[in-house]
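What follows is a short report on a single structure.
Here is the naming used below: chain letters follow the sequence lines, and residue numbers restart at 1 for every chain. Just so you know, these numbers come straight off a predicted model, no measurement behind them.
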Protein chains: 2
Amino acid sequence: MTHRAHNSQKRTRIQERNEKRILDAALKVFSSYGFRGSTIDQIAKMAEMSKPNLLYYFAGKEEIYIAVLERTLDEWLEPLTMLNPDGEPAEEIWSYIERKLNLSRTAPAASRLFANEMLQGAPRIQQILTGELKPLVDEKCAVIQKWIDAGKLNPVDPVHLVYMIWAATQHYADFEAQIDTLSPGPREQRFANASETLKAVFLNGLLPRS
Amino acid sequence: MTHRAHNSQKRTRIQERNEKRILDAALKVFSSYGFRGSTIDQIAKMAEMSKPNLLYYFAGKEEIYIAVLERTLDEWLEPLTMLNPDGEPAEEIWSYIERKLNLSRTAPAASRLFANEMLQGAPRIQQILTGELKPLVDEKCAVIQKWIDAGKLNPVDPVHLVYMIWAATQHYADFEAQIDTLSPGPREQRFANASETLKAVFLNGLLPRS
DNA sequence: TAAAATCCTGACCAATCGGTCAAGATAAAC
DNA sequence: GTTTATCTTGACCGATTGGTCAGGATTTTA
């Protein structure tokens with residue numbers, strides 16, 4: 001039988017464990033160096049595994065990369081899916097920002113992985129962008145637009161508001177090296193300060209002055 | 001004589017032209033693929049020059065990279081240096097944001113170059129961060145803090161405000177591939193919409209409600 | 001125009017790259 | 001316990017990598 005990974009069902013315990021180790025290692029490597037800058041040897045070494053053994057579970061570099069992207073994607077999209085159309089606008093927006101910032105704190109590698117892919121022009125994720133992300137964004141932007149039309153939020157272009165939230169939150173994951181240098185101190189404290197600042201600017205910026 | 005580039009003075013016209021061609025090409029390549037993901041051959045090809053000839057002007061890959069970083073740095077820092085302590089806070093902040101957004105529009109490769117470097121942990125730029133950027137940021141944050149103390153701006157952590165401005169503006173350069181997919185249309189129009197949104201959120205977010 | 005400096009190139013090199021393969025080690029099933 | 005399927009590895013392959021070098025082409029200088 002072909003011994004390819006992802007054999008739909010019937011996964012051995014060893015298979016389970018090793019594929020996880022590989023994907024964990026691959027996330028670290030790919031998120032730092034991007035697809036082109038990463039090597040299979042690097043991933044194998046980080047996974048504490050020989051290169052041929054790693055290639056026993058995944059057919060090639062690209063397959064590992066895609067697998068990592070897909071495994072990370074859901075986690076990455078979840079905050080936006082949770083935006084509740086029936087909630088209070090200010091609270092919904094803020095808890096969305098909080099969730100995203102929290103993700104930058106707890107899963108910075110995931111953010112960097114996507115950032116690297118985008119920097120290279122998103123060649124291997126374009127279909128995901130158009131197929132999954134775009135409908136989701138369109139849907140949520142319509143919600144935000146309704147809030148605006150109802151006078152609950154200041155009139156801004158919803159999609160650019162979303163960009164702004166993404167940018168401001170993911171920045172703490174993607175540019176951690178820079179931030180570390182410019183504002184040293186305990187990591188948790190930094191994120192607390194970031195949260196305060198984002199809250200002040202976004203909520204004041206979006207809520208109408210009545 | 002050693003025929004190394006950067007021979008301080010005495011630069012031939014050919015030298016001038018070729019070094020420029022190399023650095024222009026290197027910026028494009030490095031900004032897309034990062035240091036590790038880029039190859040000298042790639043740069044040479046883009047500069048329309050043989051690899052040995054390219055290496056006649058620069059001693060190696062790393063030297064090209066550093067040269068590109070340094071040439072790009074000033075342009076990248078300029079908007080912040082122009083923040084005028086004696087100006088009107090709202091206007092100064094906004095024109096800073098405008099300058100940064102403008103840079104994302106006209107020089108996206110420069111932004112991506114730094115983004116790539118940060119994603120990899122800023123190994124080759126750490127000294128620049130602490131030596132040049134940090135003092136500048138500290139200085140301008142003090143200015144912002146004074147504005148806050150004078151009641152001209154809402155109380156926020158200045159350095160996190162700066163991060164937020166960086167993030168929101170550079171996002172349009174670094175994630176252009178994503179943005180292109182999610183909000184198609186003329187590039188100029190997108191930047192105009194971005195500008196509107198940033199203006200609304202930042203100014204409303206920062207100016208006290210009196 | 002001839003000498004000298006600069007510029008440019010094809011051929012080459014060791015190291016690393018992604019990936020293969022045959023064969024041995026280990027675990028599972030009977 | 002032995003057969004069978006799964007797992008693991010060292011050795012290897014062609015392609016690409018960063019970089020060198022001897023020598024030829026071109027430009028500058030005197």
> Nearest-Å distance, NZ (A:Lys61) to C1' (D:dT16)?
Replying inline: 12 Å

> In whole angstroms, how far is the P atom of C:dT6 from the CD atom of B:Glu16?
Replying inline: 15 Å

> Hey, does the side chain of B:Tyr57 come within less than 4.0 Å of C:dC8's phosphate (OP1/OP2), counting only N and O?
Replying inline: yes

>> Strictly below 4.0 Å: does B:Gln15 bring a side-chain N or O up to OP1 or OP2 of C:dC7?
In response: yes

> If each of A:Arg17 and B:Glu62 is mapped to the nucleotide of DNA chain D with the nearest heavy atom, which maps nearer the 5' terminus, i.e. the 5' end?
Replying inline: A:Arg17

> Base, backbone or nothing for each nucleotide of nucleotides 20-30 of chain D, written B, S, -, heavy atoms under 4.0 angstrom, 5' to 3'?
Replying inline: BB------S--

> Taking only residues at least two apart or on different chains, which pairs with a member in residues 130-141 of chain B satisfy salt bridge (Lys or Arg N to Asp or Glu O under 4.0 Å)?
Replying inline: B:Lys134-B:Asp138

>> Using a 4.0 Å cut-off on heavy atoms, which residues in residues 33-43 of chain B reach DNA chain D? List them by number, or say none.
In response: B:Ser38, B:Thr39, B:Ile40, B:Asp41

>> With side chain to side chain contact (heavy atoms under 4.5 Å, CB included) as the test, pick out the partner of B:Thr169 among B:Asn102, B:Leu198, B:Leu103.
In response: B:Leu198

>> If you count heavy atoms of other groups shown closer than 6.0 angstrom to CD of A:Glu48, is the number above 12?
In response: no

> If we ignore angles and hydrogens, is there a donor and acceptor under 3.5 Å between the side chains of B:Asp174 and B:Ser111?
Replying inline: yes

> Is there a donor-acceptor pair closer than 3.5 Å between any side-chain N or O of B:Glu117 and the backbone N or O of B:Arg124?
Replying inline: yes

>> Taking side chain to side chain donor-acceptor pair (under 3.5 Å) as the cut-off, I'd like each qualifying pair that reaches into residues 25-38 of chain B, sequence neighbours left out, listed once.
In response: A:Gln42-B:Arg36

> Which residue, A:Met49 or B:Gly60, contacts DNA chain D at a nucleotide closer to its 5' end, judged by nearest heavy atom?
Replying inline: A:Met49

>> Once salt bridge (Lys or Arg N to Asp or Glu O under 4.0 Å) is applied, do any residues pair with B:Arg21, and if so which ones, sequence neighbours excluded?
In response: none

>> In this structure, how many angstroms lie between the C1' atom of C:dG19 and the CD atom of A:Glu63, rounded?
In response: 13 Å

>> Counting only side-chain nitrogens and oxygens, does B:Asn53 get under 4.0 Å of the OP1 or OP2 atom of C:dC7?
In response: no

>> Taking only side-chain N and O atoms of B:Tyr56, does any of them lie within less than 4.0 angstrom of OP1 or OP2 on C:dC7?
In response: yes

> OP1, OP2 of D:dT8 versus side-chain N and O of A:Asn18: anything below 4.0 Å?
Replying inline: yes

> Tell me the side chain to side chain donor-acceptor pair (under 3.5 Å) pairs involving residues 70-80 of chain B, sequence neighbours left out?
Replying inline: B:Asp24-B:Arg71

>> Whether B:Glu176 and B:Arg190 form a salt bridge (side-chain N of Lys/Arg under 4.0 Å from carboxylate O of Asp/Glu) is what I want to check.
In response: yes

